[in-house]
Amino acid sequence: MPTVGGDYEWMPALTFATMGTVVSLRLEDADAVDLVETVFHRWDEQFSLYREDSELSRIARGDIRLTEASQSLRACYALALHWCERTQGVFTPHRADGVIDLSGVVKALAIAEAGAALTARGSANWSINAGGDVLVSGDAGHPEWSVGIVDPSDRGELIASVPLRHPLRAVATSGSAERGEHIWTALNGDPSPFRQVSVFAADIVTADVLATAIVAGGETTLNEMTERFAIDVLAVRLDGQLLATPGLRRTV
Amino acid sequence: MRARAVALATLASVSIVGIGWQLGTQAIDASQSLTASSGGTAIAATVTATTDAAAQAAVTARAAADAAAAAQAAATAATAAAASAAQAAAESGTFTGAVVQTQFGNMQVSVTVANGAIIEVTPLQLTNRGGRSVDISNQAAPILRSEVLAAQSAKVQNISGATYTSEGYLRSLQSALDTAGF
């Protein structure tokens, strides 16, 4: 059982529910939780397909056209399409039925905006964990933030604990460990060779998108993404074997 | 004259292909598409396009610092090759570009042109400073659990795993961490 880093006990966790999951925050200034919560709720209200009144749901129903959508929605869609291109279509903002589904980037964008808002407020030390996607900030005078990577075959255990060091201060994990089912690849319909993929990156959107893409695209995508992006990856194969980039190897 | 100018202007683009070669496949794709579209266009336009290709290479490079330097090197190479293209006069054939020195090593390509169309592009030098082929080895490799960076017992503040639902959170390690100490 992992334990809370003693150096951060003065910074108790604050939680709230949004986007179908729970956000856990550690903040120097507990009053800033409202700021973060406001950011998440705004993204959720605009982009959640399970909210019938969201702007994206209205587009999905055809009530409004994409050209009539808000600037922020079109910017978000453009970003998702950009990532679709960068991953050769493995990451896609389109559901099988053609509906635009931006859930693959929205949570990460909310984390990024909330983090930027905390920084703008003058807060140097914080961590945001939204459903397992983690972004941290720390100045030199503070201890490192460390993140535990859950074991997909036993979610009460960790397979690694990794300090989130500059510049890789974001991590996202993709997989279906909670239910243990196969993940089907986007490319040819074969099962993914990975049960779980964690990507460490400088920003949470890159981490989140590439974790999803590598699960969906398999080893080909894994190798392409580790070559092209400044990321570290820890992948768990179906048989439990681990694959890791050099940066995640124990250095001592 | 024009065919030769186009061919040598194309060399400028091809220099970028060489740099893209080192920076990643997407960079190559971007450069090649620009190369294909640069035939028949003015030299000035080619320089602009290849500079864009350098920027594209920068975007897709692994390390931002390396990428910025590579973009600058690519832009320099493009400008130099375009300048030599402007002085050129000859027919179709195989043209060898100058050796361009970048921080990633020397780069040189040859391009075979017939009637203003590129038939073949051959990298002659794509090496790093040490003379070996460039190794972009951030590849994930099999690893034992005991080899992973930090020990199981290390103290953590956050857990990353496949996204849990609001209900699943209550059973999660993150929930245990969040309530620890209270």
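We name chains A, B, ... by the order of the sequence lines, and we start the count at 1 in each one.
- No side-chain heavy atom of A/Arg155 sits under 4.5 Å from any side-chain heavy atom of B/Leu173.
- Closest non-hydrogen pair, B/Asn138 versus A/Thr245, comes out as O-CG2, 3.1 Å.
- Between the CE atom of A/Met19 and the OG1 atom of B/Thr165 there is a distance of 15.5 Å, given to the nearest 0.5 Å.
- Every residue meeting the salt bridge (Lys or Arg N to Asp or Glu O under 4.0 Å) condition with A/Asp44, not counting sequence neighbours, appears here in chain and number order: A/Arg51.
- Annotation: maximal heavy-atom pairing with chain B below 4.5 Å, among A/Thr18, A/Val136, A/Leu243, occurs at A/Leu243.
- When the options A/Val171, A/Leu135, A/Val134, A/Asp133 are evaluated for a side-chain contact (heavy atoms from CB on, under 4.5 Å) with B/Asn158, the one that passes is A/Val134.
- Annotation for B/Ser160 and A/Gly132: closest pair OG-O, 2.7 Å, computed over non-hydrogen atoms.
- Distance CD1/A/Ile159 to CZ/B/Arg145: 6.0 Å, rounded to 0.5 Å.
- Residue B/Gln157 comes nearest to A/Glu144 through the heavy atom pair OE1-O, 4.0 Å, listed as atom of the first residue, atom of the second, then distance.
- Taking every heavy atom of both residues into account, A/Thr21 and B/Tyr164 meet most closely at OG1-O, 2.6 Å.
- Between chain B and the options A/Asn223, A/Val233, A/Leu234, the largest number of non-hydrogen pairs under 4.5 Å is found for A/Asn223.
- For A/Ile149, the parts lying under 4.5 angstrom from a heavy atom of chain B are both the backbone and the side chain.
- Using modelled atom types, one finds a donor on one side chain and an acceptor on the other under 3.5 Å when comparing A/Ser24 with B/Asp178.
- In this structure, A/His41 places its NE2 atom where more than 12 heavy-atom neighbours from other residues, nucleotides or ligands lie under 6.0 Å away.
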With side chain to side chain contact (heavy atoms under 4.5 Å, CB included) as the criterion, how do A/Val22 and B/Leu170 come out once you've worked through the C-alpha distance, each side chain's angles and the decisive distance to 0.1 Å? CA-CA 9 Å; A/Val22 171; B/Leu170 296 173; over 6 Å; no
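- Nearest heavy atoms, B/Gln139 versus A/Pro246: O-CD, 3.7 Å.
- Nearest heavy-atom pair across B/Ala162 and A/Gly175 is CB-O, 3.4 Å.
- With a 4.5 angstrom heavy-atom cutoff, A/Ala172 touches chain B only via backbone atoms.
- Annotation: residues 102-111 of chain A contacts chain B through A/Lys107 [non-hydrogen atoms, separation under 4.5 Å].
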